[in-house]
Structure formats: structure tokens, C-alpha cells
Amino acid sequence: MAELPDKAEHFIDWYLEAVEVAGLTDKRYPVKGMNVWTPYGFQARRQLDGLLIRGIEASGSRPVEFPTLIPQTEFQKEKEHVKGFDAQVYWVTKGGETDLDIPLVLRPTSETAMYPIFALWIRSHKDLPFNVYQIVNTFRYETKTTRPFFRIREIHFFEEHTCQLTDEAAAARCQENLATFQGIAEALALPYVASRRPDWDKFPGAYYSIALDLPVGGARTLQVGTIHHYRENFSRPYEIRYEDLAGELRYVHQTTFGLSERLLGATVAFHGDRKGVVFPSSIAPYQVVIVPIVSQNSGPISTDAARTLADRLRAAGVRVYVDDSEERPGAKYYLWESRGVPLRLEIGPREAAEGTVTAVNRLGQKQRIGPGKLEDGIRQALVEYDQALAAQARESFQKAFSVAHRLEELQDSTTVRIVSWCGNEACGHQIEQAIDGAVLGTPEGPLPIDPGSPAECIACGKREATRWVLAGRPL
RNA sequence: GGGUCUGUGGGGUAGCUUGGUCCAUCCUUCGGGGUUCGGGACUCCGAGACGCCAGUUCAAAUCUGGCCAGACCCA
């Protein structure tokens with residue numbers, strides 16, 4: 001079997017093949033952009049969902065689930081929103097043989113499904129803050145090339161929707177979401193930047209949008225999530241009001257927080273290497289794979305030891321798989337490396353006799369564990385692996401940004417760029433044209449590297465009111 | 001929206017220009033047998049494809065048209 005394409009030179013080819021080889025999805029389903037989740041891929045997704053659920057519930061959100069179909073009449077209530085999504089929605093126009101009076105859209109996102117009901121649920125200031133989330137599939141009719149996890153038509157989507165008393169409370173919720181995301185990103189060992197999108201690129205209907213982007217090589221970026229402040233943009237058309245202390249009816253201020261299976265794609269894209277996928281132990285379908293090494297005259301002692309150890313690890317809460325297939329050990333090593341398993345344990349006749357294991361993590365670090373206290377030693381090895389992965393990620397993150405001072409420099413960017421900008425939209429578009437990408441926006445919080453004070457606008461040369469913005473090429 | 005190109009077993013490909021030598025090549029995959037087993041094993045047997053519909057022709061994977069699916073470039 002050949003090596004994967006070069007990740008730096010041919011990123012997309014590398015990515016597609018890494019996903020393919022790892023067996024995360026089956027792309028042969030006969031609808032473009034709708035992939036089948038394999039058992040292996042589904043397990044990764046479920047682990048990821050678990051992370052999201054724990055994170056968002058810790059921040060005071062409760063689960064709900066709204067229907068998949070939205071009546072056209074509800075869908076069209078917020079003008080900007082409709083404009084933003086109209087070209088991308090799937091319509092259900094028939095029920096059996098009957099044409100529907102009111103066509104239904106397959107949700108591309110759930111604002112318009114939820115908010116008419118929020119209007120019924122929310123009466124009083126005592127109902128606020130109101131924070132709910134759901135993890136459901138959404139549908140967008142992508143016309144461009146689709147890519148597993150990145151650009152698809154049926155999206156496994158996480159969305160939190162909240163209603164707050166005031167503008168400030170809504171802004172505060174956005175900050176809480178940022179903190180929640182930081183925890184999620186840490187569990188995935190993914191560094192990222194949060195930046196406020198320029199107005200021309202915010203979510204349709206939003207007051208502002210904070211996007212979460214990862215550098216994924218060269219100037220390429222991948223948006224893995226968004227946090228939006230809607231102000232009253234939706235509560236007015238949907239009439240979500242509460243009665244305040246004085247008995248006045250007021251519109252709620254809303255926020256949303258959206259994440260998707262792109263996070264899984266980002267994990268693959270960011271950590272993966274020439275051997276394939278590299279999973280952090282938090283979402284690895286198998287955290288440990290045990291490869292018993294048998295030879296003709298050693299009998300079943302390696303396999304027995306492997307099974308016994310697997311039982312003990314399972315009891316200790318570790319996700320473990322014993323590969324006792326007929327393949328040769330080397331073939332198994334390559335297989336499980338391509339699938340991203342954090343830790344491989346080899347048990348041959350010698351280890352079996354000693355009560356030890358040889359442990360090799362996905363970053364290639366090798367050690368002998370045992371005898372005695374194998375569970376602790378293996379747990380520790382996983383912790384060290386995650387730390388090493390995070391350290392490696394931080395290092396490549398630092399190298400993923402550089403400052404540009406002139407528009408001409410942007411053309412052959414090999415990193416995401418940091419440029420000084422006056423805030424003028426025309427200048428913004430010049431930057432986008434120069435880099436053949438997008439202005440990602442103004443970072444929330446510190447920049448990945450410190451470029452000092454903003455200089456004159458890279459496009460028009462003005463000095464006043466400039467700020468640093470990130471520019472890259474979104475995938 | 002405008003243009004260019006592509007469609008061959010489960011995956012990846014050769015063949016197409018110049019129709020016949022193709023009941024279709026090679027790698028991989030899959031089922032079975034044997035020898036193996038500490039970094040992608042070898043060997044034997046077997047399975048599996050010309051996107052769809054028409055047309056031209058003695059003869060179509062190959063030429064023509066339509067359709068469907070997909071990719072890329074430009075706005």
C-alpha cells in the first residue's frame with residue numbers, strides 16, 4: 001500500500017484519502033454530499049457529541065428537539081435570513097400524491113422552526129435566560145464540490161439557541177459559549193482563533209457573528225463553529241416577548257452557537273499525518289488497540305494475555321479493541337495508525353511471560369509498561385500522548401500565521417495572514433481579492449502572534465482607526 | 001449563470017486519438033486452500049466493470065446525439 005499524498009502540497013487529496021483509508025465514512029451513497037457513517041466513523045462522532053453535550057450542559061443549556069420540516073410561512077419571516085438560505089434549501093412540496101398548500105423546507109438551521117414556539121414558551125422575565133440546544137441533522141443544497149465533513153448536504157449539526165433579557169446579557173452568553181468552546185477544543189487538542197466576522201460575511205440575520213477558525217495548512221482555514229448575537233432581529237418577526245418587572249412587553253435578545261461534524265474533519269485535517277488520521281484520545285473510537293503477536297510455537301499465550309488485558313482495561317473505562325485477525329503484525333500496525341488509534345499495545349510471547357506490554361503511541365513514542373499496574377501505566381501513557389499531541393498542535397499553530405504589510409505579499413501566502421485594516425468594506429474586499437480568500441475578521445482576544453500596534457491600512461494606507469484582522473483562504 | 005473536461009469490477013487504473021487483435025490490462029479488494037507471523041508476506045484456486053438510452057456500422061469501451069452523474073475554471 002502506498003503512502004498518502006503529501007499533506008502540505010496536495011492537501012485536499014491527502015485529506016480525502018486519509019478519510020477514506022481510515023474508513024470514517026462511505027462516500028458511495030448515491031446522493032452527492034450525503035455520506036454514510038461507518039461504525040468506526042459513527043463511534044468517533046458519538047464521542048464528539050458527548051464532548052459537546054457535556055460542555056454545553058455544564059454552561060446551563062438543556063436539550064430539545066424540533067421537527068425537521070419547517071412551513072414556508074414560518075421560514076420566510078426574517079428577510080435577511082431567508083435571503084441567505086433560499087438558494088440552499090430543499091423543499092418538500094408533496095405529501096404522497098397531493099401538492100402541499102404550504103410547502104415545507106428541510107431545515108438548513110433551526111431558527112425558523114424554534115422561534116414560533118419560543119414565542120409561546122417565553123412569557124415572563126422569569127423565563128429568562130432561556131438556553132436550549134439540539135443535535136440534529138440539517139440540510140443544505142450545496143452546489144459546489146462536496147467534501148466529507150467539510151462541505152456536505154446533510155449536516156450533523158449542534159445548535160444552541162438562547163433568549164436573554166438584554167443586549168449585554170446576550171453578549172455575555174456569546175462569551176460563555178466561547179469559554180465552552182475552548183474546553184471542547186482543548187479536549188480535541190485543536191488550537192483555533194475566534195474572530196468577529198466582517199459585516200458582509202456575518203450570518204444572515206445576525207447582529208454580529210463570531211467564527212471559530214482553524215488554520216489547516218498554508219493560508220487555508222476551516223470554520224468549525226460560529227456564535228451569533230441576533231439582538232432583536234428574530235424576536236421581532238417571531239414576536240418572542242417577555243413581560244419585565246414594570247409590566248412592559250419587551251423583545252428578547254437572542255444568541256446561537258453552532259458546531260458541526262466539521263469538528264471531526266478539523267481533527268483529521270489538523271492532526272493527521274502521512275500515515276493518516278491521528279485522533280486525540282477524547283474522541284478516538286478505540287483509545288487502545290492490542291495486537292497479540294503469535295508465532296507457530298508460542299501457542300495462544302499472547303492472545304490470551306491480550307484478551308485478559310482488554311477486559312481489565314474495559315473495566316477501567318478504556319475503549320479498547322483486540323486485533324486478533326490473521327494479518328501479520330506489521331500490517332495491523334499500519335492499519336491502526338491510519339485509523340488514528342492513540343495507543344497500540346503489542347503483546348508477544350515475551351511480554352505475555354513477563355506480564356508487560358510494549359506501548360507505541362500514534363506519535364511514535366515507544367515504551368515498555370508493567371509488570372503490575374498495567375491499567376495505571378496505560379492510562380498514564382494516554383495522558384502523555386494527549387499532552388504531546390497538544391504540544392505539537394500548539395507548535396504548528398504558531399507557525400500558521402504571519403503578518404503581511406503590503407497587498408502584493410498576500411498573493412502567495414503560505415500562512416494565514418495578519419493585516420492592518422481601516423474597517424472600510426471596499427478595502428476589505430481588496431484584501432480578499434489579494435489573498436484570493438476572505439477577511440476572517442478581528443480576533444476576539446489576543447492574536448496568535450504579537451504583531452505590535454496596527455499600522456496603516458494595507459489597502460488604502462490610512463492610519464486612522466486601523467485594527468489587525470486575519471485573512472485566509474477558507475476551505 | 002458562462003465555459004472546459006470526465007464517467008471502465010468494492011476502490012484506483014490501462015485501453016478510446018486511428019472501431020475488429022478486448023468474452024477488456026495492471027494494482028488493490030473480496031471468498032477459499034497452503035506456507036507464514038516482533039513493521040505493509042508469499043503462493044495456488046476463485047469472484048467482480050465499459051453511467052443510461054438511442055443512433056451509425058458487418059462490427060462500439062472506442063464514433064454521434066440526448067440524458068444522468070461528477071470534477072475543474074471563470075463571473
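Proteins get letters first, then strands, A, B, ... in listed order; numbering begins at 1 in each.
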Look at all strands and tell whether [X] reaches a base, only sugar-phosphate, or nothing, counting heavy atoms closer than 4.0 Å.
| X | answer |
| --- | --- |
| A/P349 | base |
| A/R368 | nothing |
| A/S325 | nothing |

If you go through the side-chain atoms of A/E351, does one of them form a donor-acceptor pair with the base of B/G38 closer than 3.5 Å?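 Indeed, a donor on one side and an acceptor on the other fall under 3.5 Å apart.
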Does [X] have its ring centroid less than 6.0 Å away from the ring centroid of [Y]?
| X | Y | result |
| --- | --- | --- |
| A/H156 | A/F149 | no |
| A/F270 | A/F397 | no |
| A/H228 | A/Y207 | no |

In whole angstrom, give the distance that lies between atom [atom1] of [X] and atom [atom2] of [N].
| X | N | atom1 | atom2 | result |
| --- | --- | --- | --- | --- |
| A/W336 | B/G39 | CH2 | C1' | 17 Å |
| A/R344 | B/G40 | CZ | C1' | 12 Å |
| A/L4 | B/G12 | CG | P | 15 Å |
| A/K332 | B/G40 | NZ | C1' | 13 Å |
| A/L16 | B/G11 | CG | C1' | 14 Å |

Rounded [atom1] spacing from [N] to [M] in Å:
| N | M | atom1 | answer |
| --- | --- | --- | --- |
| B/U17 | B/A61 | C1' | 14 Å |
| B/U8 | B/C52 | C1' | 15 Å |
| B/G40 | B/A47 | P | 31 Å |

**Q.** Flag if over 12 foreign heavy atoms under 6.0 Å of OH, A/Y29
**A.** no
Heavy-atom count check: over 12 atoms from other residues, nucleotides or ligands less than 6.0 Å from A/R314 CZ?
yes
Checking B/G39, B/G38, B/G40 against the side chain of A/A331 (C-beta onward), the nearest is B/G40
Could you identify the nucleotide paired to [N], looking across every strand shown and requiring Watson-Crick or G-U wobble geometry with both distances under 3.5 Å?
| N | answer |
| --- | --- |
| B/C30 | B/G46 |
| B/A60 | none |
| B/A41 | B/U35 |
| B/C68 | B/G7 |

Hey, does the side chain of [X] reach the backbone of [Y] with a donor-acceptor pair shorter than 3.5 angstrom?
| X | Y | answer |
| --- | --- | --- |
| A/K202 | A/A206 | yes |
| A/R362 | A/E337 | yes |
| A/S302 | A/I293 | yes |

Between A/S302 and A/K27, name the one whose nearest nucleotide on RNA chain B is closer to the 5' end.
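Closer to the 5' end of RNA chain B: A/K27.
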- Task: Assign each of A/G33 and A/E20 to its nearest nucleotide of RNA chain B by heavy atoms, then name whichever residue's nucleotide is nearer the 5' end.
- Result: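 The residue mapped nearer the 5' terminus is A/E20.
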*Does the ring of A/Y334 lie flat against the base of B/G40, closer than 5.5 Å centre to centre with planes under 30°?*
yes
**Prompt:** Could you give the distance from CD (A/E159) to CG (A/L259), rounded to the nearest 0.5 Å?
**Reply:**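 Rounded to the nearest 0.5 Å, the CD-CG separation comes out at 10.5 Å.
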(Q) Does B/A71 have its OP1 or OP2 closer than 4.0 Å to a side-chain nitrogen or oxygen of A/K32? (A) yes
Fill in: Where at least one partner belongs to residues 374-384 of chain A, residue pairs that pass side-chain hydrogen bond (donor to acceptor under 3.5 Å, both in side chains), sequence neighbours excluded
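Sorted pair list: A/R312-A/E375, A/Q380-A/E384.
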Using nucleotides 32-37 of chain B, report all nitrogen or oxygen pairs with the protein that are shorter than 3.5 Å.
unit_1	atom_1	unit_2	atom_2	d
B/U36	OP2	A/Q296	NE2	2.9
B/C37	O2'	A/V294	O	2.7

Taking only N/O atoms, report every protein-nucleotides 42-52 of chain B pair under 3.5 Å with atom names and distance.
none

